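To find a chain, count down the sequence lines: A is the first, B the second, and so on, and within it residues start at 1. Treat the numbers as computed from the prediction; the structure is a model and nothing was measured.
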Amino acid sequence: MSEKCIVCPCEDVTLADVEQAIGLGYLDIDEVKRFTGLGTGPCQGKQCMVTTCVLLKKAQAADPHRQERQPEAHTAPHPFTPRPPVMPVSLYVLAAGKGADRER
Amino acid sequence: MSASQRMPAAAKQLAAEAETVIIGGGIMGLGIAYELARRGRSDIHVLEQEYLTSGASGRNGGGVRMQWSTEMNVRLMQESIEICRDFASELGMNVWLRQGGYLFLIRSQAELAQLERTVALQNRCGVPTRILTPQEALRIVPELNVHSFVAACYNPRDGVVFPWPFLWGYANAASELGVSIHTYTKVTGIDVLGPHAFVVHTSKGKIRCERIINAAGAWSPAVAKLVGIELPNHPHRHEILATESLKPFLKPLVSVLSSGLYFSQSMRGEIVGGITVPDVDDGQVHMGSRLRFLEDMSAELLQVMPVLSQVRVLRQWAGPYDVSPDGLPILGEPDGLPGFFLVCGFVGHGFMMAPVIARCYAELLCGGKRHPVFDRCKLSRFRDGTSEREVMIIG
């Protein structure tokens, strides 16, 4: 596969970038997210999450220390924490909701 | 790519014994581990309950400033920012320090009187903070709506760092010097065998040690309870949002002390900021996101920067402040427990203070100079009632 293959189109993170992060030892999905910036753009990981999980799963299977690093290495890597809002929302829309009387 | 960008090699099993066990793999614990190892004391195991950057050290806004109301904090932060400036060359990791200054906006005359005193103190310490009129503030950030403000203050040497590489830089450098870092290793119990003799029980086994450093941040009261100590600090949720990226236009970090609003533009162009929102105070660490934060934050941000109204929020997250009653940290050994060291209660500014505090702590533990901060920040001050409050706290 070409190393220019894009994993995260929002932040222009390539397959080579993710493989490099994994090669440097960033083996937790939250670490890969923070090191490469993938999943932090407008779609917040909706396009790159599954690919990254697969890449990490393969890497963890090849890592002799995986039992220490990731106690649940035999299962699929968990996704990174979803961050609200579900889709980008303008500040003025959010500001208009201030003080609204509702359950939260 | 430098070799030091590597993550530390996965530590093997916990050793049966170690000189020092540091509880908490945040900036404070890793910074102290690095500074101790640099002084030749590398028999250290750092225990982190999740992954590196999972706690407040990976969730903060990255601000580093010298503008404080107590001389101790002003002087500590002058030194800390000097260390930040050398961090990339010393540790081989770019922490993206950008000294664009901090601009504080003031809404009332009462606040201004307080500010005049703190700025005079900062000037005496050699910090070039200036009090500005609202019109002068506009020269630094032309997009501000200054109508509700009576004054501002600005120190061009304050700045912002990118927190994650800071943490990785310390972790990698400490690891290369022989420190063992254990992620996903939760402390479940501590036996006190006597002075300087402990057994730390963890989810990965137990380890005997001479010294424990409680660097667990918002989790530090829970860790202290394991040795029967009640700490007066408590966790408080603090939320942040990030917007879509904009062309770089905002030089300083801007803050409104009365509401706890702060925001800056990251090197990626996002507006990143937070605001104080009341929270339940049940002693537990809460990291869930709330709609109320987005609303309060957006309303106050647009009051100050109406030009951002169409800008979209991409994400929000939360991290725990470790709040001490007087805004100052809690350091040193509690009475009657030699070998158990505290480094907690930093109220949201532990990240920026870690470089200097880590150095002071390593000096102390290696028998060197005892920095006055250790006498000022003893746990016993809360019992003896000798507290001077730090008031320049955001959030």
Does a sphere of radius 6.0 Å around [atom1] in [X] hold more than 12 heavy atoms from other residues, nucleotides or ligands, not counting ones at 6.0 Å or beyond?
| X | atom1 | value |
| --- | --- | --- |
| B:Met267 | CE | yes |
| A:Lys46 | NZ | yes |
| A:Tyr92 | OH | no |

Practice item. Can you sort out the partners of B:Phe87 under ring pair (Phe, Tyr, Trp, His ring centres under 6.0 Å), two or more places apart, ordered by chain and number? Key: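 Listed in chain order: B:Phe166, B:Tyr170.
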**Study point:** Close contacts, residues 37-44 of chain A versus chain B, judged by heavy atoms under 4.5 Å
**Key:**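 Within residues 37-44 of chain A, near chain B: A:Gly37, A:Thr40, A:Gly41, A:Pro42, A:Gln44.
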Within this structure, what is the [atom1]-[atom2] distance for the pair [X] and [Y], rounded to the nearest 0.5 Å?
| X | Y | atom1 | atom2 | value |
| --- | --- | --- | --- | --- |
| B:Thr183 | A:Glu31 | OG1 | CD | 7.0 Å |
| B:Leu241 | A:Leu91 | CG | CG | 7.0 Å |
| B:Tyr51 | A:Leu27 | OH | CG | 14.5 Å |
| A:Cys10 | B:Glu244 | SG | CD | 11.5 Å |

Review point. Given that the side chain runs from C-beta out, which part of B:Ser289 has a heavy atom under 4.5 Å from chain A: side chain, backbone, both or neither?
Key: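 For B:Ser289, the side chain is the part near chain A, not the backbone.
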Exercise for review: Could you have a look at B:Leu294, B:Leu301, B:Thr243 and say which one has the most heavy-atom pairs with chain A under 4.5 angstrom?
Suggested key: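 Going by pairs under 4.5 Å, I would pick B:Leu294.
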Review point. Taking A:Ala21, A:Pro84, A:Pro85 one by one, which has the highest count of heavy-atom pairs under 4.5 Å against chain B?
Key: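 Top count of heavy-atom pairs under 4.5 Å with chain B: A:Pro84.
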Check your understanding: salt bridge (charged side-chain N to carboxylate O under 4.0 Å, His left out) with B:Glu48: which residues, sequence neighbours excluded?
Key ->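 For B:Glu48, no residue satisfies salt bridge (charged side-chain N to carboxylate O under 4.0 Å, His left out) once neighbours in sequence are set aside.
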Point to revise | Contact summary for B:Ser298 and A:Ala95, nearest pair of heavy atoms | key: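 Minimum heavy-atom separation between B:Ser298 and A:Ala95: CB-N, 3.6 Å.
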Exercise for review: Could you list which of residues 310-320 of chain B have a heavy atom closer than 4.5 Å to any heavy atom of chain A, in residue-number order?
Suggested key: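 Counting heavy atoms that sit under 4.5 Å from chain A, the residues of residues 310-320 of chain B involved are B:Gln310, B:Val311, B:Arg312, B:Val313, B:Leu314, B:Arg315, B:Gln316, B:Trp317.
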